[in-house]
Amino acid sequence: MSNSLILNSITKEGVDILATQQGEPAWSKELRTRAWESYLKKPFPSENDPAWKKTRLSLLDFSRLSAKSFTPLSEKQTDSGLTDNLIDHVAKMGGLVFSYQSQENSFCQVELSAEAKAKGVKLVAIPQASKEAPEILKQFEKNAPEAEDDKFILMSRALFNCGGVLSVPDNVEIDDPFVFITNLASDCVDGALFPRVIVKVGKNSRIRVVNHFTSSGSNVSSQIVFSNALTEIQAESGAYVSYVEVQNYADNVFSLNRQFNNLQKDARIYSLNVGLGGKQIRADIYTHLSHSGSSASVMGVALASSDQSIHYNTVQDHQAPHTTSNIDFRIALRNHSVSCYHGNIRIAKEAQQTDAYQSSKNLLLGEDARAEAVPNLEILANDVKCSHGATVGPVDKEQIFYLNSRGLDKTTAEELVITGFFNTVLATNPIAGVDAFIQELVASKVQSSNK
Amino acid sequence: MAAKTPAKEILRVENLHVEVDGKSILKGVNLTINSGEVHALMGRNGSGKSTLSYALMGHPKYTITQGKIIFLGQDITEMSPDERARLGLSLAFQYPVAIPGVSVSNFLRAAVKAKRGKDVPVKEFRAELKKVMGELGVPNEFLSRYINDGFSGGEKKRLEIMQLEMLKPSLAVLDETDSGLDIDALKTVSEGVNRLVTPESESGILLITHYQRILNYVKPHFVHIFEDGKIIKTGGSELSKKLEEEGYDWVPGMSSRNLDLSQATST
Ligand SMILES: Nc1ncnc2c1ncn2[C@@H]1O[C@H](COP(=O)(O)OP(=O)(O)OP(=O)(O)O)[C@@H](O)[C@H]1O
Ligand SMILES: [Mg+2]
């Protein structure tokens with residue numbers, strides 16, 4: 001039952017029908033239709049809106065894009081379009097794979113490991129979440145103040161149709177990651193995807209999550225398709241979540257990602273966002289340090305080429321004393337790709353003795369590449385450590401000469417320097433097994449874009 | 001000089017003039033190095049020794065305005081640095097640059113592959129590395145560290161020599177590789193340098209230094225004095241000993257010391 005709804009003509013009733021088709025209960029339909037009503041009321045961001053003007057929203061044509069629901073595959077069936085070694089080698093604890101194909105949308109679940117089951121972990125696919133994890137969905141209805149006012153988050157709350165809910169009880173420690181995969185087949189011409197991942201981690205638990213957005217197939221359609229993702233992570237007291245997101249969509253995707261990290265007392269998050277694909281990447285990462293002792297490391301690595309456009313927006317929101325945040329974003333641009341990084345540090349009056357650090361480094365490889373880094377500080381407390389720094393510049397010629405002097409040609413030398421530029425951040429990734437996967441993707445993008 | 005095989009010309013520099021940022025630095029350098037020979041190049045700060053080493057390696061900022069460089073019979077004056085390196089020219093830098101994120105082992109692997117024109121099997125490569133590292137007293141953890149990143153002065157110099165030993169160049173230019181080395185390190189590094197050139201080998205060395213002490217270990221066949229962009233005197237190993245004792249003032253053609261200090265660069 002793969003009904004599709006054209007985005008610009010969806011009514012409140014349409015959303016209700018979509019929810020009904022997914023067999024959702026009344027409360028869930030109600031939440032969706034309410035979100036959709038707010039969405040409809042909210043104007044589309046204007047071209048001059050400072051929060052959006054660096055994102056090429058004009059690429060989106062909602063009269064062409066349609067939302068569809070996903071049907072479950074039986075466990076034995078493998079997903080035809082996707083060969084992904086994350087599933088074979090990394091998703092040992094369990095995972096979910098959603099695949100948006102031209103003909104059919106489907107999803108399958110990598111069964112939870114015996115260890116995860118025994119420890120009480122729950123992993124529910126979004127199409128089943130309103131029945132199997134209703135209390136979590138209800139709880140995550142309010143993720144952050146920002147969300148109330150954002151047209152695309154409202155859209156996602158109304159239409160989310162893939163992804164999953166991962167819930168971990170207190171005092172659980174698991175090394176191997178849980179894996180979410182969203183595959184938007186590259187030959188899709190009218191796809192609109194609304195992935196939502198909710199991660200709720202109980203007190204003193206320590207877990208790892210990989211969230212991978214990708215496109216299968218080599219035949220890339222020239223029509224822009226849309227992925228509007230929402231990721232909500234909640235770490236309760238003393239919990240530690242490592243989250244690695246990799247986005248290597250085909251270059252016809254408009255990839256919008258909003259991530260909310262909510263940290264309770266003494267909770268920690270390590271977050272790494274790797275952005276490689278897509279025509280337009282827009283990612284907002286909000287980290288709410290709302291209880292004392294919480295700390296966050298938010299890392300980002302992005303490589304763009306041809307006419308790709310990247311816009312990252314990070315918010316380090318310190319609301320409580322003794323909180324720590326460290327943001328490190330590295331962007332390399334080839335050809336005439338462009339990027340913009342907005343780094344916001346907010347320190348509330350009561351958030352004394354906090355420590356906030358932000359670094360943005362941008363490497364311009366193409367002569368026409370442009371990068372912009374805009375820090376924005378709002379510090380109301382007086383006893384804080386806060387620093388930020390941004391660099392924008394070409395590759396260091398002395399480094400290239402050094403490598404040349406050892407026989408490496410210009411191309412190889414430059415590739416090595418770019419790889420190195422990313423590696424200092426990628427080396428902080430604590431999830432074993434994904435680093436090789438990421439390095440490979442980065443290396444192949446570095447090479448393929450080097451023309 | 002006591003080469004068993006007949007000496008072969010490795011490098012011939014003819015009337016080399018070099019400019020950097022529009023400023024003329026080298027003003028007619030002539031130098032020939034044959035296989036099996038060690039040439040020491042000495043001279044005051046700012047006389048242009050590093051400029052010569054960069055120009056030989058082909059640094060894009062150093063423009064050759066006159067003269068030519070013949071390496072192994074080929075005119076390399078117009079060649080890119082990486083082509084020169086693959087031909088067998090190498091430079092141990094006075095100030096090696098750090099490249100964060102690129103591990104020494106990945107880099108060496110790529111360099112060895114480039115120089116030899118083919119991939120070296122991992123096992124073979126490791127064995128070679130192990131040997132060189134053992135000889136130079138370089139700890140294993142160097143391999144996983146990033147190139148020169150956070151390295152001490154002496155560690156950087158060791159890494160330079162380690163690279164030369166892996167790449168086995170026909171001409172190694174060593175720019176103050178002895179500076180900043182402690183007494184033991186100087187000895188180990190000198191031994192490494194001596195392994196690069198033997199009477200039988202088809203290679204030569206141009207060793208830039210301020211001090212006699214490395215020349216006690218690496219015996220030069222020729223000592224050149226560099227001043228204001230050219231070689232103003234050439235002699236045997238006795239020359240460096242005399243410099244050590246008497247300084248540069250006696251050397252004919254040397255400008256007065258006060259003048260030099262005013263334009264000296266610090267090391
Ligand atoms: N980019 C530049 N612009 C202007 N002058 C330069 C530049 N690079 C080098 N020079 C000058 O060229 C001269 C030679 O410098 P070089 O580094 O070759 O000297 P050196 O003999 O190696 O000195 P040292 O013994 O201190 O290492 C110096 O006066 C230096 O200031
Ligand atoms: Mg010098």
Side-chain angles (χ1 to χ4, degrees), chain A residues 272 274 299-303 328-332 359-363 365 389 391 393-429 432 435-436 438-440 442-447 450, chain B residues 53-62 79-117 144-150 156 159-160 162-164 166-169 171-173 175:
Chain A
L272 169 65
V274 179
M299 311 280 140
V301 154
L303 172 61
D328 194 344
F329 262 73
R330 297 199 167 207
I331 297 172
S359 158
S360 152
K361 294 201 167 128
N362 302 275
L363 200 54
L365 303 156
T391 58
V395 174
D396 182 342
K397 291 205 175 67
E398 297 304 321
Q399 293 181 340
I400 299 293
F401 177 65
Y402 188 84
L403 297 173
N404 286 159
S405 79
R406 303 303 185 235
L408 305 182
D409 61 36
K410 202 168 162 283
T411 309
T412 314
E414 199 176 279
E415 283 173 9
L416 213 53
V417 171
I418 303 167
T419 313
F421 174 70
F422 289 145
N423 271 352
T424 48
V425 167
L426 293 178
T428 62
N429 166 22
D435 35 329
I438 294 172
Q439 310 261 3
E440 234 167 78
V442 171
S444 83
K445 165 101 186 192
V446 167
Q447 276 160 23
N450 198 355
Chain B
S53 71
Y54 280 131
L56 289 176
M57 202 65 242
H59 194 297
K61 259 178 75 176
Y62 295 75
M79 231 179 230
S80 69
D82 51 302
E83 284 175 294
R84 298 178 193 208
R86 290 194 297 272
L87 266 186
L89 183 58
S90 205
L91 168 62
F93 288 79
Q94 182 174 3
Y95 304 111
V97 66
I99 311 182
V102 180
S103 73
V104 167
S105 66
N106 277 350
F107 161 56
L108 279 177
R109 191 98 205 281
V112 165
K113 182 182 171 188
K115 171 79 200 297
R116 299 185 195 169
S144 53
R145 284 177 70 178
Y146 298 147
I147 303 171
N148 294 317
D149 193 28
K156 286 182 187 167
L159 184 60
E160 292 295 288
M162 178 175 153
Q163 293 174 44
L164 297 198
M166 290 299 289
L167 297 174
K168 298 188 179 54
L171 180 71
V173 180
D175 193 356

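Convention: sequence-line order gives letters A, B, ...; per-chain numbering from 1.
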Side chain, backbone, both or neither: which part of [X] has an atom under 4.5 Å from a heavy atom of chain A?
X: B:L167; value: side chain
X: B:P96; value: both
X: B:N148; value: side chain
X: B:I147; value: side chain

Say you draw a straight line from OG of A:S405 to CD of B:E160; how long is it, rounded to the nearest 0.5 Å?
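Here the interatomic distance stands at 7.5 Å.
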Distance-only, no hydrogens or angles: does the [X] side chain make a donor-acceptor pair with backbone N or O of [Y] under 3.5 Å?
X: A:Q399; Y: B:A98; value: yes
X: B:R86; Y: B:R116; value: no
X: A:N362; Y: A:T391; value: yes

Quick one: of A:N423, A:T419, A:D396, who has the most non-hydrogen atom pairs under 4.5 Å with chain B?
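Sorted descending by pairs with chain B, the first entry is A:N423.
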Highest number of heavy-atom pairs under 4.5 Å with chain A: which of [options]?
options: B:V112, B:N106, B:V102, B:D149; value: B:V102
options: B:D82, B:L87, B:L89; value: B:D82
options: B:A114, B:P169, B:P100, B:P60; value: B:P100

At a heavy-atom separation under 4.5 Å, does A:F421 approach chain B through its side chain, its backbone, both, or neither?
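Contact with chain B involves the backbone of A:F421 alone.
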Mind telling me whether B:F93 and B:Y54 have parallel, tilted or perpendicular rings, with 30° and 60° as the class edges?
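B:Y54 and B:F93: tilted rings.
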How about NZ on B:K113, more than 12 heavy atoms from neighbouring residues, nucleotides or ligands closer than 6.0 Å, or not?
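No - once you tally the heavy atoms of other residues, nucleotides and ligands closer than 6.0 Å, there are 12 at most.
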Inspect the surroundings of NZ in A:K361 and state if more than 12 heavy atoms from other residues, nucleotides or ligands are less than 6.0 Å away.
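Atom NZ in A:K361 is not packed in, count stays at 12 or less.
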